[in-house]
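Heads up, the thing below is written out as structure tokens.
In this chain, numbering begins with 1 at the start of the sequence shown.
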Amino acid sequence: MTHLNGVALLLFLISLTVLHSEASENTSPFLKVTPTICIIEGQQKVCEFNITIKLQITPYERLCLVITKRPELTQCFEEQQVVSQQLTLKTAIPIAVKLINPEDNNIVLQQLLSIASYEAKNYRIKRRFGWSL
């Protein structure tokens, strides 16, 4: 009988932990931007991001989505649980996507979009054999 009580107590504690983690996920704001890295080749100057933004503003009443160097894309959200958007951005410099509280202008969350460049190297060894006489 004590073994069943121990199992019941363990199941009760696990269920409380799961409920607590779900409750804490629903009461804190989040910001997820994908992808976060754009790769450009060689002499290419501009990178094009096709990003997906997912955000939750709870427990705040109002938060604004701000993208650096792009004031025309600033949007504010009120009393919405989850927001999902897709944007296309062209840039030559890294960009920060921020959730800002408009009441005090504090940054609640932010994510950096980076640019990486590479140049393909030719690692093939060129050999010249004197086949002609």
Side-chain angles (χ1 to χ4, degrees):
M1 195 64 163
T2 60
H3 180 66
L4 289 176
N5 288 340
V7 170
L9 179 63
L10 182 63
L11 288 174
F12 179 71
L13 291 175
I14 290 173
S15 65
L16 280 179
T17 305
V18 169
L19 289 174
H20 177 68
S21 67
E22 287 178 3
S24 65
E25 286 177 7
N26 292 335
T27 59
S28 62
F30 72 85
L31 172 67
K32 183 175 182 182
V33 182
T34 54
T36 57
I37 298 175
C38 183
I39 300 173
I40 56 176
E41 294 182 44
Q43 301 300 320
Q44 187 178 355
K45 299 286 185 208
V46 177
C47 188
E48 184 173 324
F49 280 100
N50 292 317
I51 60 172
T52 300
I53 300 172
K54 292 184 181 177
L55 61 97
Q56 176 176 315
I57 67 168
T58 307
Y60 294 91
E61 292 180 11
R62 185 172 188 214
L63 287 179
C64 294
L65 178 70
V66 178
I67 300 174
T68 55
K69 306 291 184 187
R70 303 293 167 100
E72 70 276 6
L73 296 177
T74 299
Q75 301 175 32
C76 294
F77 302 98
E78 295 178 5
E79 301 175 10
Q80 292 184 352
Q81 291 296 325
V82 178
V83 177
S84 182
Q85 289 189 342
Q86 292 187 340
L87 294 173
T88 300
L89 301 173
K90 292 182 181 181
T91 182
I93 59 171
I95 294 177
V97 178
K98 303 174 186 178
L99 274 181
I100 295 178
N101 186 350
E103 294 175 5
D104 55 8
N105 286 331
N106 283 336
I107 298 172
V108 177
L109 294 169
Q110 75 175 8
Q111 192 162 1
L112 183 66
L113 304 181
S114 304
I115 298 175
S117 65
Y118 80 96
E119 192 169 323
K121 302 277 185 188
N122 188 2
Y123 290 107
R124 186 173 166 211
I125 299 171
K126 294 182 181 179
R127 298 184 180 165
R128 297 179 184 242
F129 295 107
W131 295 107
S132 61
L133 295 175

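Annotation: side chain of Leu113 is in contact with side chain of Ile51 (closest heavy-atom distance under 4.5 Å). Here the side chains of Leu31 and Ile53 are in contact, with some heavy-atom distance below 4.5 Å. Side-chain contact between Pro29 and Val108 is present, with heavy atoms from C-beta onward closer than 4.5 Å.
Here the closest non-hydrogen pair linking Asn50 and Thr88 is OD1-OG1, 3.0 Å. The two atoms that bring Cys47 and Ile40 nearest to each other are CB-CG2, 3.6 Å, heavy atoms only.
Heavy-atom contacts from other residues, nucleotides or ligands closer than 6.0 Å to CG of Leu73 number more than 12.
With rounding to the nearest 0.5 Å, the separation of CZ in Phe77 from CG in Leu99 is 8.5 Å. Note that CG of Leu65 and CG of Leu55 are 6.0 Å apart. Values are rounded to the nearest 0.5 Å. Atom CG in Leu87 sits 10.0 Å away from atom CZ in Arg70 (nearest 0.5 Å). Atom NZ of Lys54 and atom CD of Gln85 lie 12.5 Å apart (nearest 0.5 Å). Atom CD1 of Ile93 sits about 12.0 Å away from atom OG of Ser114, to the nearest 0.5 Å. Interatomic distance, Phe49 CZ to Thr34 OG1, rounded to the nearest 0.5 Å: 11.5 Å.
Between the side chain of Gln111 and the backbone N or O of Val33, at least one donor-acceptor pair lies under 3.5 Å.
With sequence neighbours excluded, the residues forming a side-chain contact (heavy atoms from CB on, under 4.5 Å) with Thr68 are Ile95, Ala96, Lys98, listed by chain and number.
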Query raised in the report: Does the pair Ile100 and Leu63 meet the rule for a side chain to side chain contact (heavy atoms under 4.5 Å, CB included), with working shown?
Result: CA-CA 6 Å; Ile100 295 178; Leu63 287 179; over 6 Å; no

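Listed by first and then second residue, the disulfide bond (SG atoms under 2.5 Å apart) pairs involving residues 55-96 are Cys64-Cys76 (not counting sequence neighbours). Sorted by first and then second residue, the side-chain hydrogen bond (donor to acceptor under 3.5 Å, both in side chains) pairs involving residues 38-49 (not counting sequence neighbours) form an empty list.
Glu103 pairs with exactly one of Asn105, Asn106, Asn101 by the side-chain contact (heavy atoms from CB on, under 4.5 Å) rule, that one being Asn101.
When the side chains of ILVMFWY residues are joined at heavy-atom separations under 4.5 Å, either directly or via intervening members, Val82 and Ile57 end up in two distinct hydrophobic clusters.
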